[in-house]
Protein chains: 2
Amino acid sequence: MINFELYKVFYLTAQLGSLSKAAKALYITQPSVSHAIKQLEEGFGLELFSRTSKGVVLTKEGQVLHSYVEQAFTFLSLAEDKMSELKNLEGGELRIGGSDSLCKHYLLPYLEVFHAQHPNVKIHLVHGTTPEIVTYLKEGKIDLGVVRMPVNDIQLEVREGILIQDCFVAGSKYRELAGQILSLEKLLDYPIILFSRNSHSRYAITGLFRDHGLVLAPEFELGSVDLLIEFAKTGLGISYVTKQFVTKELEEESLFEIKLDVPIPQSRVGIITLKNMPLTSAASTFIERIPLN
Amino acid sequence: MINFELYKVFYLTAQLGSLSKAAKALYITQPSVSHAIKQLEEGFGLELFSRTSKGVVLTKEGQVLHSYVEQAFTFLSLAEDKMSELKNLEGGELRIGGSDSLCKHYLLPYLEVFHAQHPNVKIHLVHGTTPEIVTYLKEGKIDLGVVRMPVNDIQLEVREGILIQDCFVAGSKYRELAGQILSLEKLLDYPIILFSRNSHSRYAITGLFRDHGLVLAPEFELGSVDLLIEFAKTGLGISYVTKQFVTKELEEESLFEIKLDVPIPQSRVGIITLKNMPLTSAASTFIERIPLN
DNA sequence: ACCAGCTATAGAAGGTGTCTATATGATCAA
DNA sequence: TTGATCATATAGACACCTTCTATAGCTGGT
């Protein structure tokens, strides 16, 4: 197979109709171009150019070759443009999986900043449980996942993100509980609102109660953090939410935290990727912007 | 612009999913392939392959690049096939211009042989006067022309072909002239049939008469050699034709030559091409088969 | 734990692309 | 014609870069 590099010289020579001009365009000397063309011609056993005193003209065979090489050249040029686009985040896509509530409350601000800086990178955000996110990763459907630690999977590369703290919050209806320190047992006298099953936080808090010989049976089971907050505000019960996600409500005192006499374990956000699988330019740039451990 | 040769390595590596296999396919060593891929990756600033213990897998960016390079590779492969086709006369075309009667009576046998040997070369035969043929050549509409010498044009490359001899022939009606040697003057007593104006042979013979102070005014002016022969056979007059083209008729004695007391100048077939313009593979092969000087 | 198979790395050597210098040819103007 | 200009071709030298050998490192399977 002929040295592809020769086609580059051939193409430019044909386009410019001159060995010397092609040489300038390629930042090499005219004898080099002459040599390259000769190699092509000898390789095919055909003359490709007719040499005149004003430059060169494609022969019939040269025209045929040119029509093919032109296509190839176009594709390779496009390829280089596209690559630079991907490299400079002027294209491509960022596919992220977020588990539970992390999607909206944790990820969203970073995504907004990223999108503002790289508006041409398409962002795909998929939502799912931690195991689903892991599966998506392994199937190559997403570039990275944002889940709660711990995640134990030998195939995954885990970057530790910030710590988050879950807590119970209530609205004004239960104002009398503000300032008090409740026991787990006492808390059960109130209607409890939890995130739906299969969520990491749900497992964690249920486990805490079980460790104390108690059963945490929620009055409501909701599918979104927004609803948890809303229900608590309107006094339908006491919601178990991530403290960092209700900062605003705590500040404006539409919600207040209910202190317990046992500590609720913190959990950590983890950014997971496939081990040994190179990240896309977009993904690695995005990860750099997320505050880690 | 990136060295096109690297794309060849990239493409094969992607296709085979392995640096080592690509190395074998390219008859180089694995480290060379590794090096080439690294050059590409550094050139783009992007990782193109994910390395595993079983080989390599395209990254997202690699997939994008591959989709472009695949197209380019296809075109370049096609180009090489096509070139070999042209080189081996399994394709392409042969465009010939023949003046006057030379087309049918001189060229045809060679064209038949050529076509039998290279059935995939398309043959275009155009007919015209010598100046027209020359014009076609200069316009690039034909690859070579077959005309009567002399042709004087600085831009033309002329190969001298066989000598041909024109003569006057008649059919049985003028049988009494057989064996006689006529003067030009005496010949004018008979009805003369000539090829149409603007033909080389017409100029030649009219000139000969003029040199002897005579005017050659034909009874008939015909546009084809076949008609000249036919008219002579049926006794409508004495035709001026190329001796070589009536060999059959002379042999079977349906025509006989009329000898003159002055020699009619011979003329030579010339194969003309554009000077400095490389011939197509088909054209140069064809010319080799024509008997020259 | 070891072997097989893959890729990465380092350093050396050879080949090839590129250079400079010059030749050759065509065109054009005087 | 002659000389000037501009094009490509050729020759030979050099330097870079591709490719090589040798080896290390890693992974997965036996």
Side-chain angles (χ1 to χ4, degrees), chain A residues 1-43 46-59 62 138 153-157 273-278, chain B residues 1-43 46-59 62 138 153-157 273-278:
Chain A
M1 206 179 305
I2 286 192
N3 187 330
F4 278 14
E5 189 68 359
L6 297 178
Y7 290 124
K8 189 196 287 175
V9 181
F10 168 78
Y11 178 73
L12 279 167
T13 303
Q15 288 297 311
L16 301 171
S18 151
L19 301 196
S20 341
K21 284 180 191 159
K24 273 178 199 152
L26 291 161
Y27 303 104
I28 56 180
T29 59
Q30 169 265 319
S32 298
V33 175
S34 185
H35 185 218
I37 300 296
K38 173 170 279 188
Q39 272 185 79
L40 260 189
E41 290 181 325
E42 286 175 356
L46 293 168
E47 290 196 69
L48 299 172
F49 288 104
S50 164
R51 277 74 165 172
T52 77
S53 62
K54 294 182 176 176
V56 293
V57 181
L58 285 169
T59 60
K138 292 184 181 172
D153 192 314
I154 185 85
Q155 294 183 53
L156 298 183
E157 168 112 21
T273 54
L274 274 188
K275 210 177 260 176
N276 300 324
M277 176 56 105
Chain B
M1 205 178 306
I2 285 193
N3 186 331
F4 278 14
E5 189 66 1
L6 297 179
Y7 289 124
K8 189 196 287 176
V9 180
F10 168 78
Y11 178 73
L12 280 167
T13 303
Q15 288 297 311
L16 301 171
S18 151
L19 302 195
S20 339
K21 284 179 191 160
K24 272 177 199 150
L26 290 161
Y27 303 103
I28 57 180
T29 60
Q30 169 266 316
S32 296
V33 175
S34 185
H35 186 217
I37 299 296
K38 173 170 279 188
Q39 273 187 77
L40 260 189
E41 291 182 326
E42 287 175 356
L46 293 168
E47 290 197 68
L48 299 173
F49 289 104
S50 164
R51 276 74 164 172
T52 77
S53 61
K54 295 182 176 177
V56 293
V57 181
L58 285 168
T59 60
K138 292 183 182 172
D153 192 314
I154 185 84
Q155 294 182 51
L156 298 183
E157 169 109 22
T273 54
L274 275 188
K275 212 176 259 178
N276 301 324
M277 176 56 104

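Order of the sequence lines fixes the chain letters, A, B, ..., with proteins taken first and strands second; residue numbering starts at 1 for each chain.
- Between dT27(D), dT9(C), dC20(D), one nucleotide has an atom nearer to the side chain of Lys38(B) than all others, and that is dT9(C).
- Distance from the side chain of Ser53(A) is smallest to dA26(C) among dT21(D), dA26(C), dT18(C).
- dG25(C) atom P lies 22 Å from atom CZ of Phe49(A), rounded to whole Å.
- As judged by a 4.0 angstrom heavy-atom cut-off over every strand, Gln30(A) is placed among the base-contacting residues.
- Residue Asn3(A) has a polar side-chain atom (N or O) positioned under 4.0 Å from OP1 or OP2 of dG17(C).
- The distance from atom CG of Leu19(A) to atom C1' of dA9(D) is 9 Å, rounded to the nearest whole Å.
- Rounding to the nearest 0.5 Å places CD of Glu47(A) at 12.5 Å from CD1 of Ile37(A).
- At a threshold of 4.0 Å, the pair Lys138(B)-Asp153(B) counts as salt-bridged, since one of the basic side-chain nitrogens sits closer than that to a carboxylate oxygen.
- Between Arg51(A) and the phosphate of dA9(D), there is a side-chain N or O to OP1/OP2 separation shorter than 4.0 Å.
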Contacts under 3.5 angstrom, residues 18-32 of chain A side chains, donor-acceptor by atom type, not counting sequence neighbours:
residue	atom	partner	partner atom	Å
Ser18(A)	OG	Ser20(A)	N	3.2
Ser18(A)	OG	Lys21(A)	N	2.9
Thr29(A)	OG1	Ser32(A)	OG	3.2

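- Between His35(A) atom NE2 and dA23(C) atom P the separation is 20 Å, expressed in whole Å.
- Of all nucleotides listed (dT27(D), dC19(C), dT8(D)), dT8(D) comes nearest to the side chain of Val56(A).
- Closest to the Gln39(A) side chain, of the nucleotides dT20(C), dG17(C), dA8(C), is dG17(C).
- Of the residues near DNA chain D, Thr52(B) and Leu6(B), the one whose nearest nucleotide (by heavy atom distance) lies more toward the 5' end is Leu6(B).
- One atom, NZ of Lys21(B), and another, P of dC6(C), lie 7 Å apart when rounded to the nearest Å.
- Between the CD atom of Glu42(A) and the P atom of dA9(D) there is a distance of 12 Å, rounded to whole Å.
- Looking only at side-chain heavy atoms (C-beta outward), Lys275(A) and Gln155(A) stay at 4.5 Å or farther from each other.
- When the nucleotides dT18(C), dC20(D), dC6(C) are ranked by their closest atom to the side chain of Ser18(B), dC6(C) comes out on top.
- Listed pair Ser34(B) / dA8(C) meets the phosphate criterion, a side-chain N or O lying under 4.0 Å from OP1 or OP2.
- Of the listed nucleotides (dC6(C), dA26(C), dT20(C)), dC6(C) has the atom at the smallest distance from the side chain of Ser20(B).
- In this structure a side-chain-to-backbone donor-acceptor pair under 3.5 Å is present from Glu41(B) to Leu48(B).
- Atom P of nucleotide dC20(D) and atom CG of Leu26(B) are separated by 10 Å, given to the nearest angstrom.
- For Pro31(A) and Lys54(A), each mapped to the nucleotide of DNA chain C holding its nearest heavy atom, the one lying further toward the 5' end belongs to Pro31(A).
- Along DNA chain C, the nucleotide nearest Gly55(B) and the nucleotide nearest Glu5(A) are compared for position; the residue whose nucleotide lies closer to the 5' end is Gly55(B).
- Atom pair Ile37(B):CD1 and dT9(C):P shows a separation of 14 Å (rounding to whole Å applied).
- Expressed to the nearest 0.5 Å, how far CG of Leu46(B) lies from CG of Leu40(B) amounts to 10.5 Å.
- The CD1 atom of Ile28(B) sits 12 Å away from the P atom of dT21(D) (whole-angstrom rounding).
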